[in-house]
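In what follows, a structure is listed as structure tokens, so that the remarks can point back to it.
Just so it is clear: chains get the letters A, B, ... in the order the sequence lines come, proteins before strands, and each one is counted from 1.
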Amino acid sequence: MGSLLRKTSNIFYGWYIVFGLAFVTFLDMGARQSFGVFVHEWELEFATSVSSISIAASIGLVVAGLAAPFYGALIDRFGSRVILLFGAALTGFGYLLLSMIPNVFFLAFVWGCIISLTAGGISITVVTVTVARWFDKFRGIAMSVLLSGAALGGLILVPFSSYLTDIIGWRFTVIGFVLLYGLVAIPVIWNLVQNSPASVGLVPDGIGDKDSKETVNRMLPPPLEVKKWRSALHSLPFWQLSMAYVVCGVSTSIISVHYVRWAISEGISSTQGALAFGLLAGVNGSVLLLVGWLSDRIERRVLLGTVYGIRAIGFLCLVVLPPAWGLWTFAIIGGGSWLSSVPLTSSLTADIYGLKQVGTLTGLTNCAHALGGGACVWIAGTVFDTTGSYDNVFLGVVIALVVAMFISWSVQERRFSGRYQIADQELTGVDAT
Amino acid sequence: MWTLPNYRLHHEGPIDPTLLSWIRSILDQFFGSGLIFVIILSLLILIITFGIIFLGRRAKNQVNENHSE
């Protein structure tokens, strides 16, 4: 027991925050993705159509995307702890309202406006920015561990919601979410999350003394560090990362919505299509951790470009290979590149622009990701309706991903990133103190 | 009312209804009505919550002690 105590005490406190927020993200993503479970229940109870219910989901996606930069700005101003606490509390309240809705109009208002807006306080933007402030050298793997919670949330909690709905009905299941936010998410955030390592006398990664030359060197601001987020708009890396991230949103959103439908259109059973998608989600989690580990060791832009390149190959397989082969090949290749772009883009944003405005900037890139994805999902559906095939859509995505690959590779990370700046200064003997 | 094309916009994220029904069909073989699954997962969530908070608070107290020294 004594050795256990000693071992526990040697773990950097930032890792407790990572695991705590990964758990909160797991719950939050599970609750949000349970929307699909309730569609049939709402359809029957409110005597409405799936299309009408879809409006609530669509409004929610737009609202969540637009809210991301504002939440980012709020974190930069007030710190992430208070935003996370308010976000969890208000989202819990939103689910309480959802459990009482009388018809589909209230669904559109409560889900589309209230929950989607308040859930921004515990969104990927907020948790990644929180973790970015606690890590520097191990930022990549910390982000990946954090996001693995999001990947698992859908796979585990959605079946949980499905069972719970069968047993106690959808309204009490939603009240179960209220309990998850009130009794799990809020206590975890309250007890664990601190705004920054400096607030408790630590340094990022927990390596070295805060006054040591090595730590001071490591904490030097990157050349493009911005005090006002607007300044970043005048620099190339922000646009490079954002443009590539829009393509990321386009490719993942199209697959999320159209993959199983594509499989059916190619004569593959929906069960097989769904099974392949399950494999994709499973591969995603393990590769996410590998990419995070690698990103702390090699240039993140190289990995980011490679991730987009691999995803382009996956989409190409859907077009050129026989459907059955394409289905499984994409599940493995696509799964390997699915969420990996998120920790890489968030880390690069923090590396290049520093931590002062990283919330707003990450929020802006996430907004571009969400809105680009939402628009192209609709376009892809329209093209399929017109041509009867997804080939043109997937070829378009391949071209966009290849462009995103080259854009990512062209980011001058060694010139602008804080971590290479420091290494170069150490090599040339610059005394940062 | 304004209608949207039915392109599975009714779900969010990677879990679509077909995948969910497939996962359910596997879990049903082990958990029947699902009550056991719900109870086990609820207990796991509680245990993990208490575990994370307990370990995190202990680490935070230690950090605070070191900081005050």
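Using a 30° and 60° split on the angle between ring planes, A:W42 and A:F46 fall in the parallel class, below 30°.
For chain B, no part of A:W15 is nearby; none of its heavy atoms comes within less than 4.5 Å. For A:I167, the part lying near chain B is the side chain, with the backbone staying farther off; criterion is any non-hydrogen pair under 4.5 Å. Contact of A:F23 with chain B is made through the side chain alone, with heavy-atom distances under 4.5 Å. Interface remark: A:I255 contributes no atoms to any contact with chain B (heavy atom separation under 4.5 Å).
Ranked by heavy-atom pairs shorter than 4.5 Å toward chain B, the options A:L192, A:T252, A:I17, A:V200 are led by A:V200.
Among all heavy-atom pairs drawn from A:R81 and A:W190, the shortest one is NH1-O, 2.8 Å. A:W134 approaches A:G14 most closely through the heavy-atom pair CE3-CA, 3.6 Å.
With sequence neighbours excluded, the residues satisfying side-chain contact (heavy atoms from CB on, under 4.5 Å) with B:L46 are B:F50.
For residues 150-166 of chain A, the pairs satisfying salt bridge (charged side-chain N to carboxylate O under 4.0 Å, His left out) are A:D166-B:R24, with sequence neighbours left out.
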